[in-house]
2 protein chains.
Amino acid sequence: MVFQFKVQINEGLFIRNPEDTELGRKILKHSVQMIHQLGFEDFTFKKLAEEIHSTEAGVYRYFENKHKLLIYLTSWYFSWLTFHIKFITNNIENNKDRLSKVISLLAKPIEDDEQTSYIDESLLHSLIVAEASKSYLTKQVVENNKQHFFKPYQDICNLIGDFILAYNPTYKYPKSLASTIIEVAHFQNFFMHNISSLTDFSKKKQESQLVEFLSDLVFSSIEQRRDKG
Amino acid sequence: MVFQFKVQINEGLFIRNPEDTELGRKILKHSVQMIHQLGFEDFTFKKLAEEIHSTEAGVYRYFENKHKLLIYLTSWYFSWLTFHIKFITNNIENNKDRLSKVISLLAKPIEDDEQTSYIDESLLHSLIVAEASKSYLTKQVVENNKQHFFKPYQDICNLIGDFILAYNPTYKYPKSLASTIIEVAHFQNFFMHNISSLTDFSKKKQESQLVEFLSDLVFSSIEQRRDKG
DNA sequence: TTTTAATTAATAGTATTACTATCATAAATA
DNA sequence: TATTTATGATAGTAATACTATTAATTAAAA
């Protein structure tokens, strides 16, 4: 039996569901590759259309604009991550071990998941590190939030927040700490690869140092509060 | 005696120094206002030119493009912040008090500084919270870093990193913690105003809660390590 | 003072982007 | 067979991000 992972994405993010058709899946696959390669600013629907031997108008039939495509990909990533976190923490009783697993998963490079043929999770992770912030750092963020475009981000923060509370029920800022773990994992990763002077990570063992930095940050904070009560 | 604050900005960021002429200062002042108002994506040199009753080509004589203007403003902000941190921590001997002051300064809204007439620091701070990441989240980041465009960010991380080391000389990640303080201050501020479900900050006392969250995060981490030695 | 050189302003123009609209055709379905 | 649905092909538009040209003004040199 092959177990197929399927994400539920907010319908306001697309015009036609790209997972339903061959062309749609091609759009997803190649947009991940091209945004990763060109950066979001230089990526255009025209270039994408040429790459997949379709037309600009063809792409517009799936996505209203490239910003919605970016939010779509971010949603996809967070939904996939939430699923993965639930999977790897399943049956782990110890609250500290569970949180450790989550931090490691977030801070280390992602490997491609064979279960989804049309999205390369490893590429998508690199893309997210560099581009995901742009999905909400806009003037339309409040409007987009009202349309629940960031729900997958909220879901993963709630999940990690619950893990934090399970470890220490008196900790006062579980959701802020959860969003902090995610964001710090992303931009420290970006800095160490691109502006390394903003970090303390040496060329070797970068990822394990990032895991140590983040783990230290999170656990000392939660544990301290638990002691204080 | 009037004490005038003057920033030294990397010459590669502008074509003509905007601080030297009336038109240049108008460009700075109104670009802060307009980027804050429209967001970076919808801000154009044409709109700016109309606002200041000059021409598009006139603006292009000062800045090559709007991305360099954004890096200029980010540099200006970090240089100004570094100056301010040195000012308010001057004569404070206690290492913990000093770090506390820095965290409060970063996490609270900035008030306009009368010393610089053409830039409203309060507006600039809002702009930085929403837009600063876009100055480095690009495909040109490594190239830009080689040109030392992010030096003011490095300087402030080194300064805060030194404060961290003064408090605990054995802490292993002073620069990563410094950049984390800055980034967390920014995006938690953005989240609490725009996607509040990603934080735990109530409508009231938001800023003081953010200060508490950040202080707790930073000090528990540094102090724990000091105990462990 | 006059001429010349340099700077700045104003206007036009171009390639690209981010779309929208229309019509044709092929494939799937009722 | 009729008809819905998906894709393709082509064209068109307003705005963006610039560049280039020429005109006007100012400053420096003869």
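Since the model is a prediction, treat every value here as computed from it, not as a measurement. Only this structure's heavy atoms are used, side chains among them; waters, hydrogens and symmetry mates stay out. Lettering of chains follows the sequences in order, A, B, ..., and the numbering in each one begins at 1.
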A.B. asks: Go through DNA chain C in 5' to 3' direction and return only the first and the last nucleotide with some atom under 4.0 Å of chain A's heavy atoms.
C.D. replies: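 Going 5' to 3' along DNA chain C, contacts run C/dT17 to C/dA21.
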A.B. asks: Among residues two or more places apart or on two chains, list those pairs meeting salt bridge (Lys or Arg N to Asp or Glu O under 4.0 Å) that have a residue in residues 126-139 of chain A.
C.D. replies: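 Salt bridge (Lys or Arg N to Asp or Glu O under 4.0 Å) check on residues 126-139 of chain A returns A/Glu41-A/Lys134, A/Glu131-A/Lys134.
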A.B. asks: Quick one, give me the B/S/- string for nucleotides 5-22 of chain D, reading 5' to 3', where B means a protein heavy atom under 4.0 Å from the base and S means that only happens at the primed atoms, P, OP1 or OP2.
C.D. replies: -SBB-B-----SBB-B--
A.B. asks: Looking at residues at least two apart in the chain, or sitting in another chain, which of them share a ring pair (Phe, Tyr, Trp, His ring centres under 6.0 Å) with B/Tyr62?
C.D. replies: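 None.
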A.B. asks: Determine whether a donor-acceptor pair (N or O, by modelled atom type, separation under 3.5 Å) exists between the side chain of A/Lys108 and the backbone of A/Val211.
C.D. replies: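 No.
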A.B. asks: Hey, are B/Gln188 and A/Ser179 close enough side-chain-wise for a donor-acceptor pair under 3.5 Å?
C.D. replies: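 Looking only at side-chain atoms, B/Gln188 and A/Ser179 do form a donor-acceptor pair, the distance falling under 3.5 Å.
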A.B. asks: Can you name the ring pair (Phe, Tyr, Trp, His ring centres under 6.0 Å) partners of B/Phe43, sequence neighbours left out?
C.D. replies: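 Partners of B/Phe43 by the ring pair (Phe, Tyr, Trp, His ring centres under 6.0 Å) criterion come out as none, since no residue qualifies.
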A.B. asks: How about A/Phe191 and B/Tyr136: are their ring centres within less than 6.0 Å of each other?
C.D. replies: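 That pair passes the under 6.0 Å test.
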A.B. asks: According to ring pair (Phe, Tyr, Trp, His ring centres under 6.0 Å), who are the partners of A/Phe213, at least two apart in sequence or on a separate chain?
C.D. replies: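 Counting only residues at least two positions away or on another chain, A/Phe213 forms a ring pair (Phe, Tyr, Trp, His ring centres under 6.0 Å) with B/Tyr173.
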